[in-house]
Amino acid sequence: MPQRTVQTGQDWDSVNVGKSTLSRPKPKTNAALSSLQRAGLVSAEKRYGAGGNTSAHSSTVMSARKLEETDELKHSKVDKSLSVAIQQGRMAKKLTQKQLATAINEKPQVISEYESGKAIPNGQIIVKIERALGCKLPRPAKKASASSSGGGSSQKKVGAGVKAGATRGGPPKRR
């Protein structure tokens with residue numbers, strides 16, 4: 001019978017992970033460092049921002065983009081009058097937040113956020129709540145833009161010079 005050698009697939013020799021077995025003397029002076037560099041045993045690199053506590057990607061000057069971002073960056077929240085109106089309308093119908101949410105096909109957290117004033121106003125959700133409660137709710141005030149506030153006399157009127165009965169951009173009105 002021939003003999004077979006069974007390989008177990010394991011190597012039981014010791015392995016050194018980390019420091020090498022040869023310890024090289026570390027240069028203590030600049031002259032010793034330069035001589036080892038010339039011999040090719042040591043390489044020294046200048047690292048950008050080494051030893052500092054600041055990020056390499058941060059800059060000290062403000063860019064134009066950051067200057068533009070100093071505008072108001074907050075989302076508009078639900079007005080207090082709207083949240084109180086939703087609560088009062090829901091209580092008048094004797095509904096819980098969960099029942100109102102299922103009636104408008106939304107999550108109960110949405111109703112909770114609207115009533116606490118933390119939600120970002122969404123016109124579609126407000127219309128759904130109005131229909132479910134059967135009452136009109138106060139709408140959030142629109143922000144005044146810089147173009148709408150002005151003298152008014154320099155602005156062109158929309159209907160000026162158009163025949164009566166004709167709508168702008170379409171056929172004449174039906175009677």
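As the structure is a computational prediction, the values presented were derived from the model and not from experiment.
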In Å and rounded to the nearest 0.5 Å, what is the [atom1] to [atom2] distance from [X] to [Y]?
X      : Y      : atom1 : atom2 : value
Ile120 : Ile125 : CD1   : CD1   : 10.5 Å
Leu137 : Gln88  : CG    : CD    : 10.5 Å
Leu100 : Leu95  : CG    : CG    : 6.0 Å
Lys77  : Ser83  : NZ    : OG    : 13.0 Å
Thr96  : Arg90  : OG1   : CZ    : 7.0 Å
Lys98  : Ser112 : NZ    : OG    : 13.5 Å

Not counting sequence neighbours, which residues clear salt bridge (charged side-chain N to carboxylate O under 4.0 Å, His left out) with Glu106? List them please. Lys128
Report yes if the side chains of [X] and [Y] come closer than 4.5 Å at any heavy-atom pair, otherwise no.
X      : Y      : result
Ile126 : Ile86  : no
Ser76  : Pro121 : yes
Tyr114 : Asn122 : yes
Gln109 : Gln97  : no

Under the salt bridge (charged side-chain N to carboxylate O under 4.0 Å, His left out) rule, what do Lys107 and Glu113 come out as? Steps first, then yes or no, please. CA-CA 10 Å; Lys107 294 180 179 178; Glu113 287 176 355; over 6 Å; no
Residues forming a side chain to side chain contact (heavy atoms under 4.5 Å, CB included) with Ser34, sequence neighbours excluded: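 Applying side chain to side chain contact (heavy atoms under 4.5 Å, CB included) to Ser34 gives Arg38.
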Who passes side chain to side chain contact (heavy atoms under 4.5 Å, CB included) against Ala92, sequence neighbours left out?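 Once residues adjacent in sequence are excluded, Ala92 has no partner under the side chain to side chain contact (heavy atoms under 4.5 Å, CB included) criterion.
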Steps toward side chain to side chain contact (heavy atoms under 4.5 Å, CB included) verdict (Lys93, Gln99): CA-CA 11 Å; Lys93 288 267 189 172; Gln99 290 170 338; over 6 Å; no
Looking at every heavy atom in both Ile104 and Ala132, which two are closest together, and how far apart are they? CG2-CB, 3.6 Å
What is the minimum heavy-atom distance between Pro138 and Leu82, and which atoms define it? O-CD1, 3.3 Å
